[in-house]
Amino acid sequence: MTHQETPTVYDAEPIPAEARAEIDRLLSSGDLFRYTAPEDAPVALLEREFAALLGAKYALAVSSCSAALFLSLKALGLPRDARVLMPGFTFAAVPSSAVHADCVPVLCEVGDNYRIDMNDFQAKLDETISAVIISHMRGHTSDMDAIMALCEARDIPVIEDAAHSLGTTWHGKNIGTIGKIGCFSFQSYKLVNAGEGGILITNDADAVARAVIMSGAYEHNWRKHMPAGDNSPELEAAFARWQNKLPLYNLRMSNLSAAVIRPQLSHVARRVRDGLRNHDYVAKALEQSPWITVPSKLGPEERAPDSIQFNLVGLDDAQVRTFAEAAEDRGVKVQVFGLSTDNARAFWNWQFIPGDAPELPQTRAMLMRACDARLPARLTTPELDGIIAALTGAANEASGALAKAV
Ligand SMILES: *Cc1c(COP(=O)(O)O)cnc(C)c1O
């Protein structure tokens with residue numbers, strides 16, 4: 001076999017050149033704090049633009065998606081030790097946000113299609129659950145129709161962890177706008193890259209007022225969160241209600257981050273289109289391998305992937321390890337969520353969760369066979385072909401098929 005070029009998948013796309021002029025302006029004036037200017041600070045403009053892009057009433061930009069999740073839970077005003085149901089397949093930062101908010105994470109099973117197992121979700125959504133975080137892990141959307149029906153029937157608020165779902169839709173509606181609050185990330189491995197950063201969106205005036213104040217809008221800085229030229233009595237009343245009543249956690253975003261993010265928003269649609277095209281091209285090719293399956297999306301979902309997840313079938317643990325090594329030898333790094341030591345996406349490593357370690361046999365079985373490879377939107381077809389050849393070749397090698405064929 002000829003050795004094909006495999007691309008570097010960790011390099012991000014360059015930041016659009018328009019960001020430079022704005023960053024220069026901010027560096028010359030030293031105006032980096034969102035509350036220095038009387039109005040229209042870059043962070044405030046980002047909030048308006050992001051809310052409009054997603055179709056939400058309010059947005060609050062903060063230091064990370066984890067901060068957004070934490071503030072969302074705090075905004076709900078839950079009692080201490082409130083139990084928050086969330087999927088057992090997510091990033092460690094998600095249960096961490098609940099622990100940080102003095103809540104107790106309760107994990108439910110996830111199927112081999114990376115989505116919440118609705119039977120287990122329904123069984124665990126009992127009267128002890130005060131809130132739900134739906135983490136759309138790697139942008140895989142769970143059955144939001146069933147989840148919202150169950151939660152609405154019991155008046156349980158839903159927070160969407162849409163960190164990796166910017167551009168994903170469900171029945172044509174943006175992910176992050178279905179639950180009460182949606183949280184997104186601008187960390188470098190997400191669709192919009194500011195190194196670090198996060199944002200929450202909601203239509204709920206009371207929730208956003210609480211989150212704004214706790215994010216660090218001390219004194220009357222909340223005035224700089226009022227919609228431009230609009231008197232919004234509902235929002236103003238909510239700010240007045242919570243004035244001086246809430247602790248400040250200071251999780252604000254800097255103007256520099258907003259300057260890096262804003263010019264990328266007009267690239268989201270293209271990145272989504274290219275990412276989906278790349279994903280579906282690779283998925284179709286991998287499906288040809290007898291050792292690989294790529295689970296299908298749910299019907300109402302339109303995806304916005306920048307990575308691919310697939311399951312190895314018919315291989316034992318040793319062969320799965322051989323697969324990962326063989327793929328790396330071919331220049332493609334694959335993470336098998338459950339096999340790498342101390343993986344932050346394996347629930348048994350979340351030992352900071354109080355109480356007995358949960359047992360989630362179905363999620364565990366999935367994590368032992370589920371593979372993760374980055375697939376940035378900027379990749380070209382020859383680069384994708386290189387990745388396909390590396391992955392299918394590695395699967396053949398791991399299965400022993402290659403040895404037999406030689
Ligand atoms: C990246 C990610 C997070 C954390 O985002 P940060 O901005 O790094 O805090 C949370 N959940 C999911 C699903 C993610 O992909």
Side-chain angles (χ1 to χ4, degrees), residues 9-10 12 43 46 50 59-74 84-101 105 107-108 110 114-116 132-142 144 147 158-168 170 175-176 178-179 181-201 211 215 249-254 257-258 260-261 264 271 275 279 301 303-309 335 337 343-347 349-350 352 363 366-367 370 372-376:
V9 292
Y10 289 92
V43 180
L46 166 65
F50 195 85
L60 169 65
V62 290
S63 53
S64 68
C65 181
S66 303
L69 289 166
F70 162 73
L71 287 169
S72 299
L73 286 168
K74 295 299 287 181
V84 179
L85 187 59
M86 61 185 70
F89 175 46
T90 183
F91 185 59
V94 179
S96 302
S97 71
V99 170
H100 197 34
L107 307 180
C108 74
V110 168
Y114 322 126
R115 290 160 176 90
I116 288 173
V132 163
I133 297 181
I134 301 301
S135 188
H136 303 294
M137 185 56 170
R138 288 291 188 270
H140 297 289
T141 309
S142 292
M144 291 307 289
I147 288 166
V158 173
I159 297 168
E160 284 183 87
D161 168 17
H164 225 138
S165 294
L166 183 56
T168 303
W170 177 261
I175 284 299
I178 297 171
I181 308 177
C183 302
F184 296 82
S185 175
F186 302 122
Q187 185 265 342
S188 288
Y189 295 163
K190 316 299 160 106
L191 201 72
V192 170
N193 165 27
E196 302 281 0
I199 197 163
L200 66 84
I201 56 172
S215 77
Y249 296 99
N250 285 12
L251 299 165
R252 294 172 301 248
M253 177 181 277
S254 140
S257 301
V260 170
I261 294 164
Q264 292 182 61
R271 290 179 186 173
H279 174 276
E301 180 187 9
R303 305 202 59 224
D306 60 4
S307 63
I308 188 163
Q309 290 70 47
Q335 118 171 285
F337 295 107
N343 193 296
R345 296 146 203 92
F347 64 86
N349 291 325
W350 306 338
F352 51 83
T363 306
M366 177 276 284
L367 290 168
D372 182 36
R374 287 176 54 76
L375 216 55

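All ligand and atom numbering here is 1-based and tracks the order in the structure. Position 1 is the first residue of the sequence; numbering continues from there.
Residues His136 and Glu301 are not in side-chain contact: their nearest non-hydrogen atoms beyond the backbone lie 4.5 Å or more apart. Taking 4.5 Å as the limit, some side-chain heavy atom of Leu107 sits within range of a side-chain heavy atom of Trp350. Looking at heavy atoms from C-beta onward, Val84 lies out of side-chain contact with Pro105 at the 4.5 angstrom threshold. In this structure, Leu166 and Phe50 have side chains that are in contact, with non-hydrogen atoms separated by less than 4.5 Å. Residues Pro376 and Asp306 have side chains not in contact (no heavy-atom distance under 4.5 Å, counting atoms from C-beta outward).
Set against the non-hydrogen atoms of Ser64, the atoms of ligand 1 under 4.0 Å away are 7 (O), 9 (O). Atom numbering of ligand 1 starts at 1 in the shown order; those under 4.0 Å from a heavy atom of Gly197 are 7 (O). Atoms of ligand 1 found under 4.0 Å from any heavy atom of Ser185 (numbered from 1 in listed order, with element): 5 (O), 6 (P), 7 (O). Near Ala163, meaning under 4.0 Å from any of its heavy atoms, are these atoms of ligand 1: 2 (C), 3 (C), 10 (C), 11 (N), 12 (C), 14 (C), 15 (O).
Considering each of Gln187, His140, His164, the one bringing a non-hydrogen atom nearest atom 8 (O) of ligand 1 is Gln187.
At a heavy-atom cutoff of 4.0 Å, ligand 1 is contacted by the side chain of Val94 but not by its backbone.
Annotation: the span from Leu46 atom CG to Leu60 atom CG amounts to 10.5 Å, rounded to 0.5 Å.
Scanning the protein for heavy atoms near atom 13 (C) of ligand 1, the closest one is Asp161 OD2, 3.2 Å. Here the heavy atom of the protein found nearest to atom 9 (O) of ligand 1 is Ser66 OG, 2.6 Å. Here the protein heavy atom with the shortest distance to atom 5 (O) of ligand 1 is Cys65 CB, 3.3 Å.
Taking 4.0 Å as the cut-off, Lys190 counts as a neighbour of ligand 1 on heavy-atom distance. Contact between Ala67 and ligand 1 is absent, with no heavy atom of the residue lying under 4.0 Å from the ligand. At least one heavy atom of Ser135 sits less than 4.0 Å from an atom of ligand 1.
The two residues Arg303 and Pro305 make their nearest non-hydrogen contact at C-CD, 3.5 Å. In plain terms, the two heavy atoms of Gln335 and Arg345 that are nearest each other are OE1-NH1, 3.4 Å.
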